[in-house]
Amino acid sequence: MKTCLVVDDSKVIRKVARHILETLDFDVREAGDGQEALEACSQDSPDVILLDWNMPVMSGMDFLRALRQTEGGGAPKVVFCTTENGLGHIRAAIDAGADEYVMKPFDRETLESKLQIVGMA
Amino acid sequence: MNAGMTASLSPAATQVLTSLLESRTGQQIEPTRVWRIGTALKPLLRELGLDGFDQLVAALVGPNAASLADRVVDALLNQETSFFRDALVIESVATAIEQLDTAEPLRRVRVWSAGCSTGQEIYSLAMTLLDRGNFRSASLPDMLASDVSAATVARARSGQFSQFEVQRGLPVRTLMRWFEPAGETWRIRQEITRAVKFRQHDLVDGPMPPGLFDIVMCRNVLLYFPQAVREKVLDRLARAIRPDGLLVLGAGETVLGLSDAFAPCQRFRGLYRRQADARFTFAA
Ligand SMILES: C[S@@+](CC[C@H](N)C(=O)[O-])C[C@H]1O[C@@H](n2cnc3c(N)ncnc32)[C@H](O)[C@@H]1O
Ligand SMILES: [Mg+2]
């Protein structure tokens with residue numbers, strides 16, 4: 001079973017994402033900010049990370065930069081998932097090492113398609 | 001509450017609506033799928049403030065009947081599509097085009113996306129050709145894309161897609177390269193839209209475009225036709241494709257048992273080659 005870490009400060013979004021991911025046969029864990037996500041990754045590196053941008057404590061971008069510098073941190077596929085829908089944000093995320101980008105609001109098909117593109121669904 | 005929401009579909013209304021669809025598009029709605037008509041048309045009823053399907057049918061003979069009929073047909077068509085639907089097929093078509101272009105450098109390769117819906121298929125092909133580096137926008141093949149629905153063709157031509165549409169099948173890096181934000185939507189770059197000619201065209205009864213094509217993509221269109229119409233359309237396509245040219249069908253579609261003019265292509269899986277010695281069963 002593939003594993004996915006959902007990183008978002010909104011409990012509702014985490015729940016929606018979890019539900020979709022479980023129907024796609026993922027084993028799902030959750031983190032409420034970048035710091036929690038780093039800890040979760042150091043315990044057990046997930047196959048995919050679904051990553052929000054704006055979060056308290058540590059933002060998605062700060063998490064991504066930190067992750068990519070840790071040992072083994074290049075392995076997880078990172079799919080940004082955010083309401084920041086401008087080209088500038090997308091470019092910054094890809095430059096920082098994100099593999100894919102989902103603009104909120106998203107639905108099951110969007111998520112499934114993006115996971116297919118990164119080779120995970 | 002609008003009474004239209006609970007309106008039921010009388011046999012007479014069903015008859016009018018199914019014949020309208022069939023005369024416009026060649027599609028037949030099987031008796032077991034008639035219930036879909038109601039689901040598909042309810043938003044239109046609501047928008048027009050009509051109280052039921054019988055009123056809709058009555059309006060189809062009133063003033064503005066022609067544009068209303070267009071809208072009814074559009075609502076009944078399945079226009080599902082996405083960027084890079086069956087990505088491997090798009091790659092095969094791109095390879096075939098590159099090989100033809102190398103073999104006959106003085107002639108521009110001609111490609112037709114028949115039943116193009118909102119254009120994702122032909123645009124995916126164009127982006128693939130450009131990204132593979134053997135074509136520039138000014139040297140792209142001669143590309144035609146057509147659909148029976150005029151409104152759909154207009155959308156395809158606009159090159160404008162919703163946020164949902166650009167997130168189905170399209171890698172974000174491809175989005176960054178070939179699209180520009182346009183308010184809430186995304187617009188594919190003009191150098192690509194300009195390279196495609198869009199036309200309203202009925203594959204069943206419309207006059208076929210002049211000249212011969214090297215490759216016709218007719219994907220996920222035949223499956224909505226009854227067998228006799230599939231045979232007729234394949235026959236028409238065979239006449240529109242040059243000998244040894246290629247036909248590209250949808251993943252679940254085949255020519256087997258429907259046409260002798262095509263045979264499975266040896267080189268590209270899932271593509272069909274127009275036989276040089278094809279004989280036709282239907283009059284041109
Ligand atoms: C399911 S979509 C497929 C779109 C695209 N080829 C793909 O595979 O993603 C089928 C399209 O065929 C069009 N269509 C249906 N009947 C047609 C006809 N008689 N002539 C031309 N196009 C037709 C529909 O309007 C619709 O856009
Ligand atoms: Mg947030």
Side-chain angles (χ1 to χ4, degrees), chain A residues 4 6-8 13 16-17 20-21 23-24 48-54 60-61 64-65 68 74 76-121, chain B residues 43 78-92 94 117-121 123-125 127-128 131-132 159-193 219-220 250-252 270:
Chain A
C4 182
V6 177
V7 191
D8 202 304
I13 303 257
V16 171
I20 296 174
L21 288 159
T23 65
L24 295 171
V48 194
I49 299 170
L50 203 62
L51 183 62
D52 185 22
W53 192 295
N54 297 307
M61 278 300 264
L64 178 56
R65 291 204 186 90
R68 291 307 195 206
K77 299 287 181 190
V78 173
V79 178
F80 250 107
C81 187
T82 165
T83 48
E84 301 292 355
N85 294 347
L87 208 45
H89 280 90
I90 298 177
R91 192 159 283 137
I94 297 300
D95 288 347
D99 297 283
E100 260 302 333
Y101 202 97
V102 171
M103 299 178 257
K104 285 175 183 163
F106 63 92
D107 60 7
R108 186 181 194 281
E109 277 182 34
T110 305
L111 207 51
E112 186 172 8
S113 171
K114 291 295 184 175
L115 289 166
Q116 266 164 12
I117 289 171
V118 299
M120 287 287 154
Chain B
N78 179 324
Q79 306 201 302
E80 182 175 336
T81 188
S82 61
F83 287 104
F84 298 97
R85 184 176 191 175
D86 304 316
L88 289 178
V89 170
I90 304 278
E91 292 290 333
S92 294
S117 188
T118 36
Q120 282 89 330
E121 180 174 281
Y123 288 140
S124 298
L125 178 64
M127 290 187 284
T128 301
D131 283 340
R132 288 164 58 138
Q160 208 155 318
F161 296 95
S162 74
Q163 188 169 293
F164 281 101
E165 288 167 331
V166 297
Q167 298 200 89
R168 271 193 75 186
L170 189 69
V172 71
R173 286 176 179 77
T174 314
L175 176 78
M176 290 161 65
R177 261 196 308 283
W178 295 114
F179 289 75
E180 297 156 339
E184 297 286 287
T185 67
W186 294 80
R187 193 181 301 119
I188 194 159
R189 289 186 185 280
Q190 264 192 16
E191 54 188 297
I192 292 183
T193 49
R219 312 199 65 222
N220 308 298

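Chain naming here is simple, since letters A, B, ... match the order of the sequence lines and numbering starts at 1 in each.
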- By ring-ring contact (aromatic ring centres under 6.0 Å, His included) - contacts of B:Phe84 (at least two apart): none
- Using non-hydrogen atoms only, which part of B:Leu175 is less than 4.5 Å away from chain A: side chain, backbone, both, or neither? side chain
- Please report the closest heavy-atom contact between B:Val166 and A:Met103, naming both atoms and the distance. CG2-CE, 4.1 Å
Could you go through residues 85-95 of chain A and list every donor-acceptor pair under 3.5 Å that involves a side-chain atom there, pairing it with any protein atom two or more places apart or in another chain?
| unit_1 | atom_1 | unit_2 | atom_2 | d |
| --- | --- | --- | --- | --- |
| A:Asn85 | ND2 | A:Lys104 | O | 3.1 |
| A:Asn85 | ND2 | B:Gln163 | OE1 | 3.1 |
| A:His89 | NE2 | A:Glu84 | OE1 | 3.4 |

- Message: With a strict 4.5 Å heavy-atom criterion, list every residue of residues 114-121 of chain A that contacts chain B, or say none.
- Response: A:Lys114, A:Ile117
- Tabulate, in ascending numerical order, the residues of residues 105-113 of chain A having at least one heavy atom closer than 4.5 Å to a heavy atom of chain B, or enter 'none'. A:Pro105, A:Phe106, A:Asp107, A:Glu109, A:Thr110, A:Ser113
- Query: For atom CZ of B:Arg189, is the number of surrounding heavy atoms from other residues, nucleotides or ligands below 6.0 Å larger than 12?
  - Reply: yes
